Colleague: 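Can you read through this structure? Questions will come right after.
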Amino acid sequence: MSLANSVVILDFETTGLSPNWGDCAIEIGAVRIQEGEVVDRFQKLMNPGWPISGFIEDYTGITNAMLADAPSSSEVMHQFADFIGDDNLVAHNASFDKRFLDAELEKISRTYTGKFACSMMVARRIFQDAPNHKLGSLVDYLHLQSEGTFHRALYDSEMTTKVWLAMLNEICERQCSRTVSFELVQRLMKTPKKSVQRLLQPANR
DNA sequence: TGCCAGGCCCTCTTTAGGGCCTT
């Protein structure tokens, strides 16, 4: 069970929901997997330049004191752009993380070439019986081992990785195949739920 | 300090509205 090429699974903690309203990243966490195995990790806090709200301190556990000594987002995002290289990218509710990745990289005139896949959109199709498709709920639904604190970037990216690998395994089993292409996952994301079974028939390998 | 967005999906739909998910 694997993707042929390495993939970076990432998660941002931010000051809010929208970079268009002045929100910015305060932490990036990421895991690189290759052939179903974790081969690298990245985790950095970044100082947004102003105090974050009490709500975000409570929600993430990241405090203003922790951010006071953190490097600037510019410094961290240069390092992260180097880390992701040309790899494809995965996030849970990827539209959210993609908006912040695009916004933070635009500030430093960097870009990336990989394509995004959304673990939440895939989960809605593969695990249609799950009670909901929040990251924590999927971890419980799949009985995945979890010892840590949700809403921290590296931990959430580690848990997204476990969900992602469980989904790849499920796709392989339904297709009677040993590997899954990133292109198939992207097609799956755009497939209506009722057509998923037909897409994943062994003949469509 | 508290607020904001946006893409997807479903249905009581498509000339729309609201829930899900992310911080």
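Residue numbering restarts at 1 for every chain, and letters A, B, ... go by the order of the sequence lines. Hydrogens, waters and symmetry mates play no part in the numbers below; they use all other heavy atoms, side chains included. A quick note: this is a predicted structure, and the numbers were derived from the prediction, not measured.
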Colleague: Sticking with atom C1', work out how far B/dC8 lies from B/dG2, rounded to a whole angstrom.
Modeller: 27 Å
Colleague: For the pair made of CG in A/D23 and P in B/dC3, what is the distance, rounded to whole Å?
Modeller: 13 Å
Colleague: B/dT23 C1' sits how many Å from A/H92 NE2, rounded?
Modeller: 14 Å
Colleague: Residues in side-chain hydrogen bond (donor to acceptor under 3.5 Å, both in side chains) with A/N64, at least two apart?
Modeller: A/E57
Colleague: I'd like to know if the side chain of A/R32 reaches the main chain of A/F83, judged simply by a donor and an acceptor atom lying under 3.5 Å from each other, with no hydrogens or angles considered.
Modeller: yes
Colleague: Using the C1' atom as the reference point in each nucleotide, state the distance between B/dT1 and B/dG7 in Å, no decimals.
Modeller: 29 Å
Colleague: Take atom P in B/dG6 and the same atom in B/dC12, then report the distance between them in whole Å.
Modeller: 28 Å
Colleague: Could you work out the separation of B/dT15 and B/dT22 based on their P atoms and round it to a whole Å?
Modeller: 31 Å
Colleague: Would you mind reading off the distance between A/R99 atom CZ and B/dT22 atom C1', rounded to a whole angstrom?
Modeller: 8 Å
Colleague: Mind telling me whether A/F96 and A/F100 have parallel, tilted or perpendicular rings, with 30° and 60° as the class edges?
Modeller: tilted
Colleague: So with a 6.0 Å cut-off around CD of A/Q128, is the heavy-atom count from everything else above 12?
Modeller: yes
Colleague: Can you measure A/Q128 atom CD to B/dC20 atom P for me and round it to whole angstrom units?
Modeller: 17 Å
Colleague: Can you tell whether the side chains of A/E170 and A/R174 come within less than 4.0 Å, N to carboxylate O?
Modeller: yes
Colleague: Rounded off to whole Å, could you give me the CE-to-P distance for the A/M159 and B/dC21 pair?
Modeller: 19 Å
Colleague: Contact list please: residues 49-74 of chain A against DNA chain B, heavy atoms, distance less than 4.0 Å, in numerical order.
Modeller: A/F55, A/I56, A/Y59, A/T60
Colleague: Should the heavy atoms of other residues, nucleotides or ligands under 6.0 Å from CG of A/D82 be counted, would the total exceed 12?
Modeller: yes
Colleague: Working to the nearest 0.5 Å, report the span between CD1 of A/I84 and CD1 of A/I28.
Modeller: 8.5 Å
Colleague: What integer distance in Å separates A/N93:CG from B/dT22:P?
Modeller: 7 Å
Colleague: For nucleotides B/dT14 and B/dG18, find the distance between their P atoms and express it as a whole number of Å.
Modeller: 13 Å
Colleague: Verify the neighbour count for atom NZ of A/K162: are there more than 12 heavy atoms of other residues, nucleotides or ligands below 6.0 Å?
Modeller: yes
Colleague: Using the six-membered ring wherever Trp is involved, compare the ring planes of A/Y155 and A/F150 and label them parallel, tilted or perpendicular (cut-offs 30° and 60°).
Modeller: perpendicular
Colleague: Ignoring hydrogens, what is the shortest heavy-atom contact between A/R124 and A/K193? Give both atom names and the distance.
Modeller: O-CE, 3.5 Å
Colleague: I need the CE-P distance between A/M46 and B/dT23, as an integer number of Å.
Modeller: 14 Å
Colleague: Tell me: CE of A/M120 to P of B/dC8, nearest whole Å?
Modeller: 10 Å
Colleague: Can you list, in residue-number order, the parts of residues 130-152 of chain A that come under 4.0 Å of DNA chain B, counting heavy atoms only?
Modeller: A/N132, A/H133, A/K134, A/L135, A/H151
Colleague: Reading DNA chain B from 5' onward, which residue's closest nucleotide shows up sooner: A/S95 or A/M189?
Modeller: A/S95
Colleague: Give me each pair satisfying side chain to side chain donor-acceptor pair (under 3.5 Å) with a member in residues 9-20 of chain A, each pair once, sequence neighbours excluded.
Modeller: A/T15-A/D23
Colleague: Compare side-chain N and O positions of A/K193 against OP1 and OP2 of B/dC8 and report whether any pair is under 4.0 Å apart.
Modeller: no
Colleague: Report yes or no: do A/V163 and A/L184 belong to one cluster of Ile/Leu/Val/Met/Phe/Trp/Tyr joined by side chain heavy-atom distances under 4.5 Å?
Modeller: yes
Colleague: Of the residues in residues 101-116 of chain A, which ones touch DNA chain B at a heavy-atom distance under 4.0 Å?
Modeller: none
Colleague: Do the charged groups of A/E75 and A/K44 touch, with an N to O distance under 4.0 Å?
Modeller: no
Colleague: Heavy-atom nearest nucleotide on DNA chain B for A/M121 versus A/R124: which residue maps closer to 5'?
Modeller: A/M121
Colleague: When rounded to the nearest Å, what value does the distance between C1' atoms of B/dG17 and B/dT23 take?
Modeller: 25 Å
Colleague: Is a side-chain N or O of A/D97 found less than 3.5 angstrom from the main chain of A/F12, in a donor-acceptor match?
Modeller: yes
Colleague: Is there a donor-acceptor pair closer than 3.5 Å between any side-chain N or O of A/N88 and the backbone N or O of A/K115?
Modeller: yes
Colleague: At a heavy-atom distance below 4.0 Å, what parts of residues 9-21 of chain A sit against DNA chain B?
Modeller: A/D11, A/F12, A/E13, A/T14, A/G16, A/L17, A/S18, A/N20, A/W21
